[in-house]
Visitor: 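Sending over a structure as structure tokens; questions will come in a sec.
All figures in this text were calculated on a predicted structure; none of them were measured in a lab. The chains referred to below are lettered A, B, ... by the order of the sequence lines, with proteins before strands, and numbering in each begins at 1.
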Protein chains: 2
Amino acid sequence: MATMTAARRRQAGKIAYDAYLADCPSRKLLDRLSDKWVTLILAALADGPRRYNDLSRKIAGVSQKMLTQTLRTLERDGLVNRVVTPTVPVRVDYELTALGGELLPVLRSLKLWADTHIPAVEAARAAYDKRSSRGG
Amino acid sequence: MATMTAARRRQAGKIAYDAYLADCPSRKLLDRLSDKWVTLILAALADGPRRYNDLSRKIAGVSQKMLTQTLRTLERDGLVNRVVTPTVPVRVDYELTALGGELLPVLRSLKLWADTHIPAVEAARAAYDKRSSRGG
DNA sequence: CTGAATCCGTTTAGATACTG
DNA sequence: CAGTATCTAAACGGATTCAG
């Protein structure tokens, strides 16, 4: 039977490709940055250390779960330091590591590109939608 | 009543913040780039135009659905051109627009940062996991 | 060849309640 | 204050099927 060829080939390709992707540094970086809250937290910490609740307020729409979870992965990746002061109640500050700080220029260059070109993207989008709605 | 304060305040904040985010160009760019297939398609088109099936093979693990869907959004965003040649059967080529081409340097600089610093991230991750498994 | 439409399992993220 | 645990709704992505 020829029924499995297409899907199977794609499957085989997928496995090989996923392995390749898993080893791609750019991919990994994008995976971090793509997280909705990562860049926001990084930006919030750009000015200096902040406490947990402080972050939670500054970033507004974030839930406790997402904030904690994102901070954990950032800490694990060595981008953020978690500083515990064993007072009562306990006090926890988060701050950028040197590595985390080095990410800021990248974010800024990204922002620069976005600020420059996103208007063109918007325009393209509007034109596309107009064309579509006209039935073109 | 004080029962609604926490969740409600977060909700109110969320609405305001989502509106803010929706207007943030950097956010929009990251939203595009965060798509698993976007950067891969962009990279695949860096050398020149490619046909649909050609892309599908080159990118391996991608499904028809995702390939088509991603190409559509890229087209809508003005990053990719869709060129139809009305032969039988029909032939469709995809190519980077000028705008899409301008994204390549950004991706390269991102890649540069990643290649430089991801090893440090890996190391931090390994150290973190080691600490955790020790019960620290 | 190039897609659109549909079904469906997996993952994700938010709300809520509880702990030290 | 700074989280953890659990439940559930929604988004995502893959396979399959149909069409021009």
Visitor: Under 4.0 Å: is that the gap between some side-chain N or O of A:R72 and OP1 or OP2 of D:dG3?
Guide: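 Yes, A:R72 has a side-chain N/O under 4.0 Å of OP1/OP2 on D:dG3.
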
Visitor: Looking at A:R91, does any N or O in its side chain come under 4.0 Å of the phosphate oxygens OP1/OP2 on D:dG3?
Guide: no

Visitor: Let me spell it out: for each of A:D93 and B:D35, pick the nucleotide of DNA chain D with the closest heavy atom. Which residue's pick is nearer the 5' end?
Guide: A:D93

Visitor: Nearest whole angstrom, please: distance from the C1' of D:dG14 to the CH2 of B:W37.
Guide: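 Distance check: B:W37 CH2 to D:dG14 C1' gives 11 Å.
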
Visitor: If you compare every side-chain N and O of A:Y94 against the phosphate oxygens of D:dC1 (OP1, OP2), does one of them come in below 4.0 Å?
Guide: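 No, A:Y94 has no side-chain N/O under 4.0 Å of OP1/OP2 on D:dC1.
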
Visitor: How close or far is atom C1' of C:dT12 from atom CG of A:L67, stated in whole angstroms?
Guide: 17 Å

Visitor: Would you mind telling me which of D:dG13, C:dG14, C:dT2 lies closest to the side-chain atoms of A:K65?
Guide: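 Closest nucleotide among those given: C:dG14.
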
Visitor: Return the minimal non-hydrogen interatomic distance between A:L104 and A:L42, and the atom names on each side.
Guide: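 Answer, listing the atom of A:L104 first, then A:L42: CD2-O, 4.1 Å.
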
Visitor: Between A:M66 and B:D54, name the one whose nearest nucleotide on DNA chain C is closer to the 5' end.
Guide: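 On the 5' side of the pair lies B:D54.
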
Visitor: Could you tell me whether the phosphate oxygens of C:dT2, OP1 or OP2, come under 4.0 Å of any side-chain nitrogen or oxygen in B:R82?
Guide: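 It does not, given that no N or O in the side chain of B:R82 lies less than 4.0 Å from OP1 or OP2 of C:dT2.
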
Visitor: The side chain of B:V90 is closest to which nucleotide in this list: D:dG3, C:dG3, C:dC1?
Guide: C:dC1

Visitor: Judged by atom type as modelled, is there a donor-acceptor pair below 3.5 Å linking the side chain of B:R50 to the main-chain atoms of B:A44?
Guide: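 Yes: the side chain of B:R50 pairs with the backbone of B:A44.
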
Visitor: Specify the separation, in whole Å, of atom CD of B:E75 and atom C1' of C:dT2.
Guide: 13 Å

Visitor: How many Å lie between CD on A:Q69 and P on D:dG3, as a whole number?
Guide: 14 Å

Visitor: Quick one: is D:dA2 close enough that its OP1 or OP2 comes under 4.0 Å of any side-chain N or O from A:R51?
Guide: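 Answer is yes, contact under 4.0 Å.
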
Visitor: Between atom OH in B:Y52 and atom C1' in D:dA19, what is the gap in whole Å?
Guide: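 For the pair B:Y52 OH and D:dA19 C1', the rounded distance is 14 Å.
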
Visitor: For B:E102, does its backbone N or O pair with a side-chain atom of A:W113 as donor and acceptor, under 3.5 Å?
Guide: yes

Visitor: Knowing that exactly one of B:T70, B:T73, B:D77 qualifies, which makes a side chain to side chain donor-acceptor pair (under 3.5 Å) with B:R32?
Guide: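 Considering B:T70, B:T73, B:D77, a side chain to side chain donor-acceptor pair (under 3.5 Å) with B:R32 is found only for B:D77.
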
Visitor: Tell me the interatomic distance from A:Q64, atom CD, to C:dA15, atom C1', rounded to whole angstroms.
Guide: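 That distance rounds to 11 Å.
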
